[in-house]
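Atom set for the values below is all heavy atoms of this structure, side chains included, hydrogens, waters and symmetry mates excluded. One is the number of the first residue; the rest follow in order along the sequence.
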Amino acid sequence: MMFDKIKTLLTEIEKTSIENKTKNEDRLKTVLSTINKIEEEILGLEKRTGNLLEEINKKGKNKPVETNEPDKTNEPDKEKETAESAGFITKIQSSRVNITTLIDKGWNLIVSGKYKEAIKALNKAKKMDPKNVKVYNLLGWAYIHLEQYDKSSLLFQEVLSIDPQNEMAHANLGYINHKKGLYGEAIEKLSSIERKAKNKQAVLYALFYLGLVYYEREMYEDSVEFLNKAITVGPNLYEAYYYLGKAYQKQGLKNLCHQIWERLINTNKYNIWAKKAQEELNG
């Protein structure tokens with residue numbers, strides 16, 4: 001059966017090295033395309049079946065039962081195959097929805113500063129999809145905020161074992177280098193990503209991390225430069241506004257500090273970084 005062949009192929013590819021996985025990229029794309037087509041066909045068949053049942057319910061209630069029915073010996077097998085197909089697609093759809101829901105939940109918890117709760121949600125997603133690099137990157141972010149840099153580093157290394165060119169993981173490892181006291185390596189790696197990366201999110205966080213690196217190194221002018229660049233690339237990165245205000249504050253530029261924090265508060269006063277800014281303003 002087609003579904004058994006697909007599952008066998010995926011199992012074989014999962015057991016191979018990353019180089020062989022890359023070589024099988026076209027085959028995987030073909031499999032995904034086939035699954036999507038089957039999904040569309042099943043949805044179409046479902047609709048047609050529903051229409052027929054509705055028609056029967058409307059017009060056939062008073063019709064006598066036919067005694068000379070055609071031979072239906074093979075129909076149970078067909079019904080079983082259809083049920084298996086529908087079940088396979090339903091599992092795929094359900095899995096996608098559940099993983100997406102858990103990823104969204106994890107991200108929202110991180111944004112809200114609930115890092116331990118985020119880790120619980122994302123670990124569930126990781127069990128469902130052990131090769132999902134987005135899950136590993138988010139888990140790494142959560143551990144960064146908890147200052148558990150060894151755990152976050154292992155997670156980003158896991159991302160790179162799946163996708164060696166993942167620019168977001170490289171950016172996160174650059175920041176971890178800084179937190180471990182490897183300042184030169186951190187600045188070199190983050191600067192390279194800022195200049196060369198194609199992934200906009202990786203560029204955004206490279207800029208943001210550089211702003212934090214320079215802030216923590218008490219190089220406030222450089223910090224202001226990179227944090228302003230980060231806000232230009234990602235206007236919704238509220239944490240950058242908070243630290244930009246802090247950098248202005250360290251320079252004695254209170255008016256600019258207050259302007260940035262008030263802008264943050266007016267944008268989203270319920271965000272954790274807006275609340276921190278409000279606490280700073282309240283003094």
Side chains of E280 and Y242 only: does a donor on one sit below 3.5 Å from an acceptor on the other?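 Per modelled atom types, E280 and Y242 side chains form a pair under 3.5 Å.
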Between N266 and E262, do the side chains contain an N or O donor and an N or O acceptor separated by less than 3.5 Å?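 Not at all, the side chains of N266 and E262 share no donor-acceptor pair under 3.5 Å.
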Exam field: side chain [X] to backbone [Y], donor-acceptor pair closer than 3.5 Å:
X    : Y    : result
Y241 : P235 : yes
Y136 : P130 : yes
S192 : E188 : no
T267 : R263 : yes
N172 : M168 : yes
S223 : G211 : yes

Where do [X] and [Y] come nearest, in terms of heavy atoms and distance?
X    : Y    : result
L102 : A125 : CD1-N, 3.7 Å
A142 : I119 : CB-CG1, 3.6 Å
G234 : L204 : N-CD1, 3.7 Å
A274 : N268 : CB-O, 3.0 Å
A202 : A171 : O-CB, 4.2 Å
Y143 : S152 : CB-CB, 3.8 Å

Could you give me the CA-CA distance, side-chain angles and deciding distance for F226 and F208, then say whether ring pair (Phe, Tyr, Trp, His ring centres under 6.0 Å) is met? CA-CA 6 Å; F226 283 103; F208 173 58; over 10 Å; no
Are [Y] and [X] linked, directly or through intermediate hydrophobic residues, by side-chain heavy-atom contacts shorter than 4.5 Å (ILVMFWY only)?
X    : Y    : value
L182 : I144 : no
L146 : I176 : yes
L210 : I193 : no
L154 : Y175 : no
W273 : W107 : yes

Nearest-0.5 Å distance, [atom1] of residue [X] to [atom2] of residue [Y]:
X    : Y    : atom1 : atom2 : result
R217 : D222 : CZ    : CG    : 11.5 Å
I260 : I265 : CD1   : CD1   : 11.5 Å
N228 : L244 : CG    : CG    : 5.0 Å
Q201 : K134 : CD    : NZ    : 7.5 Å
K275 : N271 : NZ    : CG    : 8.5 Å
Y215 : L227 : OH    : CG    : 10.0 Å

K200 NZ: over 12 foreign heavy atoms closer than 6.0 Å: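 Result for NZ/K200: open.
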Got a sec: does the NZ of K179 have more than 12 other heavy atoms crowding it under 6.0 Å?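 Atom NZ in K179 is crowded, with more than 12 foreign heavy atoms closer than 6.0 Å.
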Starting from the C-alpha separation in whole Å, work towards a yes-or-no answer on side-chain hydrogen bond (donor to acceptor under 3.5 Å, both in side chains) for Q278 and N282. CA-CA 6 Å; Q278 187 66 68; N282 292 340; 3.0 Å; yes
Using a 4.5 Å cut-off on heavy atoms from C-beta on, say whether the side chain of [Y] contacts that of [X].
X    : Y    : result
Y214 : I187 : yes
L160 : L173 : yes
N132 : I103 : yes
L139 : K151 : no
H170 : K189 : yes

Basic-acidic side-chain contact under 4.0 Å: E225, K229: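 Judged by the 4.0 Å cut-off on N to carboxylate O distance, E225 and K229 do form a salt bridge.
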N-O pairing of K196 and E167 below 4.0 Å: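 Salt bridge: no.
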Stepwise, does the side-chain contact (heavy atoms from CB on, under 4.5 Å) test hold for K246 with K276? CA-CA 11 Å; K246 292 288 288 183; K276 286 179 178 286; over 6 Å; no
Would N137 and N166 satisfy side-chain contact (heavy atoms from CB on, under 4.5 Å), going step by step from the backbone distance to the final call? CA-CA 10 Å; N137 270 324; N166 190 283; 3.5 Å; yes
Criterion salt bridge (charged side-chain N to carboxylate O under 4.0 Å, His left out) on K180 and D150, from CA distance to verdict: CA-CA 9 Å; K180 290 183 174 182; D150 288 336; 3.3 Å; yes
In terms of ring plane angle, is the pair H178 and Y183 parallel, tilted or perpendicular, where the classes change at 30° and 60°?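 Ring orientation, 0 to 90° scale: tilted.
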For side-chain contact (heavy atoms from CB on, under 4.5 Å), just list the numbers for N123 and V135, CA-CA rounded to whole Å, side-chain angles, deciding distance to a tenth of an Å, and then say yes or no. CA-CA 8 Å; N123 273 327; V135 172; over 6 Å; no
Show the numbers, then the answer: is there a side-chain contact (heavy atoms from CB on, under 4.5 Å) between W261 and Q249? CA-CA 11 Å; W261 282 348; Q249 186 183 60; 3.8 Å; yes
W141 and ring pair (Phe, Tyr, Trp, His ring centres under 6.0 Å): which single residue from Y115, Y209, Y205 fits?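 Filter result, single survivor: Y205.
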